[in-house]
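Notes follow the structure.
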Amino acid sequence: MKLSTWNVNSLNVRLPQVLACLQADPVDALCLQELKLTDDKFPLAAFEEIGYHAVFTGQKTYNGVAILTRAPAGDVVKNIPGFDDPQQRVIAATLDTEAGPLRVISAYCPNGQSVGSDKYAYKLAWFAALRGWLQEELARHPRLAVLGDYNVAPDDRDVHDPVKWEGSVLVSEPEREAFRGLLSLGLHDAFRLFEQPPKLFSWWDYRQFAFRRNAGLRIDHILLSDTLKAVCSACTIDKAIRKNEQPSDHAPVIATLEI
DNA sequence: ATGGTGGACTTTCCA
């Protein structure tokens with residue numbers, strides 16, 4: 001089976017591309033971030049028409065996450081339990097597989113704006129809360145996959161110009177520490193389980209011809225529990241999607257699991 | 001030097 005994640009930066013604008021993407025590669029679950037729409041505006045019928053189910057939690061203008069699945073999903077949780085937050089950044093759901101239940105989480109981690117800002121403090125607090133919850137989720141679900149936009153480039157291989165970016169938001173050591181804190185629970189960066197081409201990123205700024213210059217960062221990740229790591233056979237970034245007309249600034253990340 | 005682009009929704013916030 002295949003799991004994918006894509007920050008679409010407005011589902012309104014990107015809906016045709018999401019539909020085309022699913023029809024070209026009908027993954028079992030696609031996690032979306034930055035829907036930028038309220039639940040009443042979610043295009044459920046369009047997904048149902050091509051054979052997908054959806055769970056989602058949105059808000060006006062900002063944030064919003066979803067999980068699209070070929071089979072119905074259950075046990076839905078919205079937001080991080082116990083972390084009071086009006087920003088809709090997390091949704092979890094469980095899929096039945098032949099190997100047993102598979103827990104899928106779609107996460108849109110805070111951007112953090114700039115090191116030392118209020119939004120940066122919120123980002124670090126958010127990661128701490130996420131870690132606490134994921135620890136519980138791992139105890140409940142041996143087959144756990146956490147997909148999304150983490151807004152962290154884990155190490156210098158994930159940065160087009162590490163010298164220029166040193167210490168900046170998305171790259172700073174406290175953010176990388178927070179990311180490693182998730183891995184320390186027993187999660188694995190699916191992309192790094194395999195040999196990868198150098199300078200392959202998942203996000204390129206819209207400005208200054210960043211995509212044309214491959215001036216990107218790898219900030220979208222698929223984290224897998226030990227049990228899923230053992231059955232993961234590939235992880236790729238679909239960089240070609242970023243060449244579309246009216247592209248999202250992010251490209252999808254796809255993991256293949258032999259279950 | 002604090003820009004630049006894109007999205008949502010307003011004359012500005014957020015990424």
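The chains referred to below are lettered A, B, ... by the order of the sequence lines, with proteins before strands, and numbering in each begins at 1. Note: hydrogens, waters and symmetry copies are ignored here, and every other heavy atom, side chains too, is used.
For A:R207, the side chain to side chain contact (heavy atoms under 4.5 Å, CB included) partners at least two apart in sequence or on another chain are A:D205. In this structure, the side chain to side chain donor-acceptor pair (under 3.5 Å) partners of A:R176, at least two apart in sequence or on a different chain, are A:D156.
In the region residues 167-181 of chain A, proximity to DNA chain B at under 4.0 angstrom, judged on heavy atoms, holds for none of the residues.
Annotation: B:dG4 and B:dT12 have their P atoms spaced 16 Å apart (nearest Å). Comparing B:dT11 with B:dA1, their C1' atoms are spaced 25 Å from each other, to the whole Å. One P atom belongs to B:dC9, the other to B:dG3, and the distance between them is 24 Å to the nearest Å.
Hydrophobic side-chain contacts under 4.5 Å tie A:L130 into a cluster, directly or through other members, with A:V77, A:I80, A:F83, A:V90, A:I105, A:Y122, A:W126, A:F127, A:W133, A:L134, A:L138, A:L144, A:V146, A:Y150, A:V152, A:F179, A:L182, A:L183, A:L185, A:L187, A:L223. Cluster note: A:Y206 groups with no other residue, as no ILVMFWY side-chain heavy atom lies under 4.5 Å from it. Other cluster members for A:F201: A:W204, A:F211, joined by side-chain heavy-atom distances under 4.5 Å among Ile, Leu, Val, Met, Phe, Trp and Tyr.
Applying the ring pair (Phe, Tyr, Trp, His ring centres under 6.0 Å) test to pairs two or more places apart or on separate chains, those with a residue in residues 53-80 of chain A are A:F42-A:F56.
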How would nucleotides 6-15 of chain B be written as a contact map, 5' to 3', with B for base contact, S for sugar-phosphate-only contact and - for no contact, using protein heavy atoms under 4.0 Å? SSSS---BSB
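A:T94 has its side chain out of reach of A:L102: every pair of non-hydrogen atoms, C-beta onward, lies at least 4.5 Å apart.
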Pairs under 3.5 angstrom only: tabulate donor-acceptor contacts from the side chains of residues 250-258 of chain A to other protein residues two or more places apart or in another chain.
from	atom 1	to	atom 2	distance (Å)
A:H250	ND1	A:D220	OD1	2.9
A:H250	ND1	A:D220	OD2	3.2
A:H250	NE2	A:N7	ND2	3.4
A:E258	OE2	A:S233	OG	2.5

